[in-house]
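Here the structure is a predicted model, which is why all the values come from computation and not from measurement.
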Amino acid sequence: MTMLYDLTVPAFQNGLRALSGELSKASTWSADNAIGELQFAVARLAPDMFPLASQVRFTCTQALQPLSRLGGIAIPEFPDDAPDFAGMQDQIAATLAILDAVDRTALGQDADRPVSFDLPNGMTFDMTAFEYVRDWAAPQFAFHRVAAYAVLRHMGVPLGKADYVGYMMRYLRPGTAPTV
């Protein structure tokens with residue numbers, strides 16, 4: 001039986017580890033190209049979108065919210081955007097440490113149990129635990145994760161799909177990788 005944990009925590013761990021690698025690559029690239037870390041932290045795709053530092057913070061927050069909403073686990077808040085790559089990496093490391101420590105049974109198996117949550121704008125959502133994972137938790141994590149990747153690409157960091165889903169290499173059948 002697939003548990004709610006299986007639908008969230010491993011995917012969020014994969015995404016956060018990939019994001020950490022992308023930020024490491026961006027840090028090296030920015031130093032080599034004389035682009036300051038603050039320029040990256042405040043970079044955004046559009047004027048009405050949040051900057052990179054917020055996207056990283058939100059990615060971490062979205063990875064932790066299911067622990068609270070489904071498992072009643074106390075989670076920390078990251079109230080401020082990090083001003084540099086080290087701070088963003090610290091947020092990711094703290095999030096991964098929490099995810100790494102979560103027991104597989106903590107989020108429960110009852111996918112039909114009711115879940116409700118309020119947004120700061122006053123909207124309230126009522127759904128099942130499975131619907132919450134499928135329709136809210138996973139898409140919210142993915143949105144902020146992709147936005148962070150896109151900002152890094154927008155700033156010129158030479159990232160590709162292999163950076164975004166590098167964790168897939170553990171599933172590669174030997175002898176099937178392109179040689180060119």
Side-chain angles (χ1 to χ4, degrees), residues 7-69 75-100 117 119-121 123 125 132-172 177-180:
L7 300 172
T8 55
V9 174
F12 297 161
Q13 289 167 319
N14 285 340
L16 287 166
R17 288 184 181 114
L19 179 56
S20 177
E22 292 161 13
L23 290 172
S24 291
K25 196 169 186 178
S27 178
T28 300
W29 186 87
S30 71
D32 292 347
N33 290 278
I35 299 174
E37 290 188 43
L38 183 57
Q39 285 179 270
F40 272 91
V42 300
R44 58 185 78 219
L45 295 175
D48 65 340
M49 289 185 75
F50 288 103
L52 174 65
S54 296
Q55 299 297 351
V56 170
R57 180 170 56 91
F58 294 156
T59 301
C60 292
T61 300
Q62 294 301 323
L64 295 176
Q65 281 184 349
L67 305 182
S68 175
R69 291 188 176 140
I75 58 170
E77 288 190 30
F78 300 113
D80 300 315
D81 290 346
D84 54 24
F85 289 120
M88 289 182 249
Q89 291 284 21
D90 288 346
Q91 289 177 339
I92 292 170
T95 303
L96 283 168
I98 293 165
L99 293 174
D100 290 345
F117 62 95
L119 296 182
N121 66 6
M123 296 171 69
F125 293 89
Y132 166 74
V133 168
R134 181 192 65 204
D135 298 337
W136 182 264
Q140 289 295 316
F141 177 84
F143 176 85
H144 294 292
R145 166 79 182 92
V146 169
Y149 173 87
V151 170
L152 293 172
R153 286 293 313 264
H154 175 71
M155 291 295 290
V157 180
L159 299 171
K161 191 175 272 191
D163 298 294
Y164 188 81
V165 293
Y167 54 86
M168 288 299 296
M169 295 309 289
R170 69 178 174 243
Y171 303 111
L172 182 66
T179 57
V180 187

| message | Could you report the tightest heavy-atom contact between Cys60 and Phe78, atom names first, then the distance? | response | CB-CE1, 3.8 Å
| Is the shortest heavy-atom distance from the side chain of Ile98 to the side chain of Pro76 under 4.5 Å? | yes
| said: Is it the case that the side chain of Thr61 and the backbone of Arg57 share a donor-acceptor pair, with hydrogens and angles ignored and the cut-off at 3.5 Å? | reply: yes
| remark: Residues pairing under salt bridge (charged side-chain N to carboxylate O under 4.0 Å, His left out) where one sits in residues 146-165, two or more places apart or in two chains, turn out to be Lys25-Asp163
| field | Minimum side-chain heavy-atom gap Leu99-Leu64 below 4.5 Å | value | yes
| remark: So CZ of Arg145 and CD of Gln55: to nearest 0.5 Å the spacing works out to 11.5 Å
| note | Contacts of Phe117 meeting ring pair (Phe, Tyr, Trp, His ring centres under 6.0 Å) (sequence neighbours excluded), chain-then-number -> Phe125, Tyr132, Trp136
| task | Specify the closest pair of heavy atoms between Pro66 and Phe12, including all atoms of both residues, with the distance to one decimal. | result | CG-CE1, 3.8 Å
| task | For Asn121 and Met123, indicate whether the former's side chain and the latter's backbone hold a donor-acceptor pair under 3.5 Å. | result | yes
| field | Exercise: identify the closest heavy-atom pair between Pro51 and Asp81 | value | CG-OD2, 4.4 Å
| Out of curiosity, Ser27 OG to Ile35 CD1, how far, rounded to the nearest 0.5 Å? | 12.0 Å
| task | State whether the number of non-hydrogen atoms from other residues, nucleotides or ligands found under 6.0 Å of Tyr167 atom OH is greater than 12. | result | yes
| query | Quick one: does Gln39's side chain have a donor or acceptor within less than 3.5 Å of a partner on Gly36's backbone? | reply | yes
| query | Is there a side-chain contact between Leu19 and Tyr164, using heavy atoms and a 4.5 Å cut-off? | reply | no
| Do the non-hydrogen side-chain atoms of Arg170 and Asn14 ever get within less than 4.5 Å of each other? | yes
| Working for side chain to side chain donor-acceptor pair (under 3.5 Å), residues Ser24 and Gln89 | CA-CA 8 Å; Ser24 291; Gln89 291 284 21; 3.1 Å; yes
| message | Using side-chain heavy atoms (C-beta onward) and a distance below 4.5 Å, is Phe141 in contact with Leu16? | response | yes
| Do Val56 and Leu23 have side-chain heavy atoms sitting under 4.5 Å apart? | yes
| task | Name all pairs fulfilling the ring-ring contact (aromatic ring centres under 6.0 Å, His included) condition that reach into residues 25-47, sequence neighbours left out, sorted by first residue then second. | result | Phe40-Phe85
| Heavy-atom pair of closest approach, residues Ala41 and Pro83 | CB-O, 3.7 Å
| message | With heavy-atom distances below 4.5 Å as the criterion, would you say the side chains of Leu67 and Val9 are in contact? | response | yes
| message | Is it true that Gln62 and His144 share a donor-acceptor pair across their side chains at a distance under 3.5 Å? | response | no
| Hey, are Glu22 and Arg17 close enough for a salt bridge, meaning a charged N less than 4.0 Å from a carboxylate O? | no
| query | Where the side chain of Ser30 meets the backbone of Ala26, is there a donor-acceptor pair that is under 3.5 Å apart? | reply | yes
| task | Measure from the side-chain N and O atoms of Ser54 to the backbone N and O of Phe50, and report whether any donor-acceptor pair falls under 3.5 Å. | result | no
| query | Short question: side chain of Arg44, backbone of Met49 - any donor-acceptor pair under 3.5 Å? | reply | yes
